[in-house]
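The structure appears right after this line, and notes come after that.
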Amino acid sequence: MTSSHTTEKAEIGAELVRATFTDEMLEEMRALIGTELRTAASVNNEYATRLAILRFAEGIGDDNPLWTDEEYATASPHAGLIAPPSFIFCCLGSIQVGWRGLGGFHAETNINFHRPIRVGDRITAKVVFDGFDGPTDSSFGGRRIKDYLRQEYRNQDDELVATFICSRMRFERGEMQERRESRAIELPHPWTDEELAAIEDQILAESPRGAVPRYWDDIKVGDELDFITKGPIGLTDEIAFIAAGAAPIPRLSAHGVALRRYRKHPSWAYRDPNTGALEPVYSVHYSDYAARLQGAQMAYDVGIQRTCWQIHSLTNWMGDAGFLKSIHGQYRSHVYLSDVVRLGGRVIEKSIDDSGDHVVRIETWAENQRGQNVMPGSAVVSLPKRTEAELLPLEGEA
């Protein structure tokens with residue numbers, strides 16, 4: 001049985017609201033399973049305009065010309081600009097449901113992609129609460145549950161673009177705060193000038209495969225992807241992600257608009273003791289104070305932001321003629337401001353799938369400077385196959 005106690009604070013104070021798992025809370029959430037959720041307060045973009053795509057690509061640090069250069073994209077197999085597959089996040093990253101007063105970390109992402117997003121497409125999302133597991137005990141933060149939101153994105157022709165299963169870990173903030181020191185590491189990371197120069201050289205050396213096709217026939221199991229580097233993660237990286245239209249759930253707002261929302265939903269906010277201003281829970285991604293209230297060491301990245309980096313790595317590798325069919329990722333550890341993450345992968349299987357596509361399965365990883373894999377994952381990529389003529393040996397060859 002769980003406690004019948006609900007919250008320690010009902011008003012907006014300098015602490016985030018703390019609650020515990022209760023029988024009433026669990027029953028309330030079970031009753032919501034299968035419910036289609038309201039999305040209006042979290043929609044950031046409806047249309048994939050040229051500028052919306054450009055702003056999003058810049059916000060995740062991905063300048064692939066397929067999404068940023070009209071002339072280049074027109075000459076590509078897509079005959080025009082398309083959006084990176086992760087663009088769905090800047091239409092609607094996700095929403096919150098229930099669990100009043102509990103903390104939350106995005107734990108896992110599973111996405112199936114069905115078709116590209118083109119300039120002019122109108123993307124809308126349907127979100128359904130599919131249930132939860134737990135509570136279970138965790139050494140990381142005490143008791144927790146894992147919940148599941150199913151998000152289906154469709155275009156103006158009612159064609160399914162992507163299905164995103166968003167899984168979050170919900171926890172009692174008091175327990176998470178008490179265990180924070182057991183996870184303490186040196187932050188911000190003490191980079192040397194030489195290390196920073198080497199990191200920046202790696203970043204500037206990255207480039208997408210582009211117009212040169214990567215053929216399925218040429219792939220071998222064990223082939224590794226070129227890695228891409230993100231970091232050291234800074235405050236502007238998090239601001240750029242918000243400015244790109246991604247993530248905030250609900251949308252960030254200011255002054256009277258924000259105040260009225262916080263008065264209606266006190267658990268959405270806290271009062272910053274330094275400025276006296278009301279701030280949203282989302283500020284854990286750019287405020288060290290808020291992050292500590294959540295049981296972290298300092299401000300940290302957004303889960304789907306990390307997935308955007310994973311997709312950036314995969315689209316760089318597969319080239320213009322490839323298609324990302326699915327991705328999976330688990331978020332392990334926080335990626336803190338000042339961290340560096342290197343994303344890579346390895347081909348583990350080649351096959352022809354049930355749709356007749358020539359695909360490769362890829363094991364993916366995201367390793368920080370401490371040697372931790374902060375996002376073990378996988379992907380399925382469809383690649384072009386060489387024509388019969390291309391496979392025939394040239395005259396004189398054996």
Between [X] (side chain only) and [Y] (backbone N and O only), is there a donor and an acceptor less than 3.5 Å apart?
X    : Y    : answer
R306 : A366 : no
D357 : V359 : no
E349 : R361 : no
R214 : W317 : yes
K350 : W216 : yes
E206 : T229 : yes

How far does [atom1] of [X] sit from [atom2] of [Y], to the nearest 0.5 angstrom?
X    : Y    : atom1 : atom2 : answer
I185 : R370 : CD1   : CZ    : 3.5 Å
S167 : R150 : OG    : CZ    : 12.5 Å
S287 : R292 : OG    : CZ    : 7.5 Å
I111 : I327 : CD1   : CD1   : 4.0 Å
H358 : K385 : NE2   : NZ    : 5.0 Å
D62  : T68  : CG    : OG1   : 8.0 Å

Which heavy atom in [X] sits nearest to a heavy atom in [Y], and how many Å separate them?
X    : Y    : value
H189 : S338 : N-OG, 2.8 Å
S313 : L225 : OG-CD2, 4.1 Å
R170 : W99  : NE-CD1, 3.5 Å
A379 : L324 : CB-CD1, 4.2 Å
E238 : L337 : CG-CD2, 3.9 Å

Can you find a pair of side-chain heavy atoms, one from [X] and one from [Y], that are under 4.5 Å apart?
X    : Y    : result
D353 : K325 : yes
E152 : V128 : no
D226 : I228 : no
Y289 : N274 : no
P116 : F323 : yes
V161 : I117 : yes
M375 : L343 : yes
R168 : Y331 : no

Legend entry - Residues forming a side chain to side chain contact (heavy atoms under 4.5 Å, CB included) with Y262, sequence neighbours excluded: I12, A258, W268, A269, L278, P280
Indicate, with yes or no, if [Y] and [X] share a hydrophobic cluster defined by side-chain heavy-atom contacts under 4.5 Å among Ile, Leu, Val, Met, Phe, Trp and Tyr.
X    : Y    : result
V119 : Y153 : yes
V341 : W365 : no
L149 : M25  : yes
I249 : V97  : no

Are [X] and [Y] ion-paired here, with the side-chain N under 4.0 Å from a carboxylate O?
X    : Y    : result
E58  : R55  : no
K230 : D237 : no
E367 : R342 : no

Legend entry - Between F89 and F56, ring centroids under 6.0 Å: no
Inset, instruction - Kindly state whether the ring of W67 and the ring of F87 have centres lying under 6.0 angstrom apart. - result: no
Inset, instruction - Determine the interplanar angle of the Y336 and H334 rings, folded into 0 to 90°, and report it as parallel if under 30°, tilted if 30 to 60°, perpendicular if over 60°. - result: tilted
Inset, instruction - Mind jotting down which residue pairs meet the salt bridge (Lys or Arg N to Asp or Glu O under 4.0 Å) criterion with at least one end in residues 106-125? Sequence neighbours excluded, please. - result: E46-R122, E108-K146, R115-E159
